[in-house]
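Single-structure report; data block below.
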Amino acid sequence: MSPDICIVNFYTTSGRLGLHQDRDESRGSLSEGLPVVSFSVGDAAEFLYGDQRDVENAEKVVLESGDVLIFGGKSRHIFHGVASIIPHSAPKALIEDTRLRPGRLNLTFRQY
Ligand SMILES: O=C(O)CCC(=O)C(=O)O
Ligand SMILES: [Fe+2]
């Protein structure tokens with residue numbers, strides 16, 4: 001793939017993102033299952049995912065600073081979101097070196 005979009009989200013420590021599908025890319029990109037490549041920086045997040053928009057039954061995984069999550073192929077249309085940010089969980093060296101404010105930065109690369 002050749003990513004040509006980067007969406008940058010910053011979550012404060014009270015930030016959240018409801019369950020959704022990423023469907024704004026072109027029909028061809030979506031039907032080929034070209035992946036969303038997601039980089040997490042800063043505080044960790046409780047990330048939810050599942051095959052339905054159902055918070056109660058969603059799977060949960062903690063994404064930490066430096067983690068890269070890729071969802072493509074059959075997983076390209078999963079519902080996903082951020083349930084919470086875990087305050088003070090960013091690596092100390094990152095905060096000292098970058099002075100990143102409290103919260104989480106997420107970058108997702110996609111191909112339109
Ligand atoms: O912050 C995240 O890990 C997910 C972001 C996301 O789902 C999006 O930008 O569409
Ligand atoms: Fe998304």
Side-chain angles (χ1 to χ4, degrees):
M1 90 185 272
S2 303
D4 50 15
I5 301 172
C6 176
I7 296 179
V8 179
N9 288 313
F10 183 78
Y11 300 79
T12 62
T13 49
S14 59
R16 315 175 67 151
L17 180 64
L19 285 179
H20 66 279
Q21 292 171 306
D22 289 358
R23 293 197 302 211
D24 289 336
E25 294 72 33
S26 69
R27 204 173 281 196
S29 178
L30 294 173
S31 66
E32 278 185 59
L34 296 185
V36 173
V37 183
S38 163
F39 294 79
S40 294
V41 178
D43 284 333
E46 288 188 321
F47 182 86
L48 301 180
Y49 64 97
D51 58 8
Q52 300 185 43
R53 187 181 279 115
D54 178 355
V55 175
E56 300 303 318
N57 290 305
E59 303 288 335
K60 188 188 290 183
V61 64
V62 174
L63 295 181
E64 298 183 339
S65 190
D67 284 348
V68 181
L69 175 74
I70 301 177
F71 51 99
K74 287 185 189 164
S75 303
R76 183 60 173 75
H77 288 90
I78 56 163
F79 286 91
H80 59 281
V82 173
S84 67
I85 303 298
I86 304 170
H88 310 298
S89 56
K92 293 214 170 17
L94 175 75
I95 304 302
E96 286 164 13
D97 291 352
T98 67
R99 298 171 63 195
L100 183 69
R101 63 183 65 178
R104 171 174 179 264
L105 199 51
N106 173 257
L107 292 86
T108 52
F109 292 84
R110 309 130 188 268
Q111 182 173 323
Y112 182 76

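Note that ligands are numbered from 1 as they come in the structure, with each ligand's atoms numbered from 1 the same way. Not measured: the values here are computed from a predicted model. Values below: every heavy atom of this structure, side chains too, minus hydrogens, waters and symmetry copies.
Using a distance-only test at 3.5 Å, with no hydrogens or angles considered, no donor-acceptor pair links the side chain of Glu25 to the main chain of Leu30. A donor-acceptor pair under 3.5 Å links the side-chain atoms of Gln21 to the main chain of His77, judged by distance alone.
The side chain of Val82, and not its backbone, has at least one atom closer than 4.0 Å to an atom of ligand 1 (non-hydrogen atoms only; side chain from C-beta on). Under 4.0 angstrom from ligand 1, there are no non-hydrogen atoms of Arg16.
Shortest contact from atom 6 (C) of ligand 1 to any protein heavy atom: Leu17 CD2, 3.6 Å. The nearest heavy-atom contact from the protein to atom 3 (O) of ligand 1 is Arg104 NH2, 2.8 Å. Protein heavy atom in closest approach to atom 8 (C) of ligand 1: Arg110 NH2, 3.5 Å. The nearest heavy-atom contact from the protein to atom 5 (C) of ligand 1 is Asn106 OD1, 3.4 Å.
For the side chain to side chain contact (heavy atoms under 4.5 Å, CB included) criterion with Val37, the lone passing option out of Leu69, Leu107, Ile70 is Ile70.
Atom NZ of residue Lys60 and atom CZ of residue Phe47 lie 13.0 Å apart, to the nearest 0.5 angstrom. Taken to the nearest 0.5 Å, the CD1 atom of Ile7 stands 7.0 Å off from the CG atom of Asp22. With rounding to the nearest 0.5 Å, the separation of CG in Asp43 from CZ in Arg104 is 9.5 Å.
Gln21 does not count as a contact of ligand 1, since none of its heavy atoms falls under 4.0 Å from the ligand.
No side-chain heavy atom of Val36 sits under 4.5 Å from any side-chain heavy atom of His80.
Close contacts between ligand 1 and Asp22 involve ligand atoms 10 (O) [criterion: under 4.0 Å to a heavy atom]. Close contacts between ligand 1 and Tyr11 involve ligand atoms 1 (O), 2 (C), 4 (C), 5 (C) [criterion: under 4.0 Å to a heavy atom]. Those atoms of ligand 1 that come under 4.0 Å of a heavy atom in Phe47, given as number and element, are 3 (O).
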| Derivation and outcome, side chain to side chain contact (heavy atoms under 4.5 Å, CB included), residues Asn57 and Gln52 | CA-CA 8 Å; Asn57 290 305; Gln52 300 185 43; over 6 Å; no
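Of the listed residues (Asn9, Val8, Ile7), the one carrying the non-hydrogen atom nearest atom 9 (O) of ligand 1 is Asn9.
Draw a line from the Fe ion (ligand 2) to OD2 of Asp22 and another to NE2 of His20, and the angle between them is 140° (to 10°).
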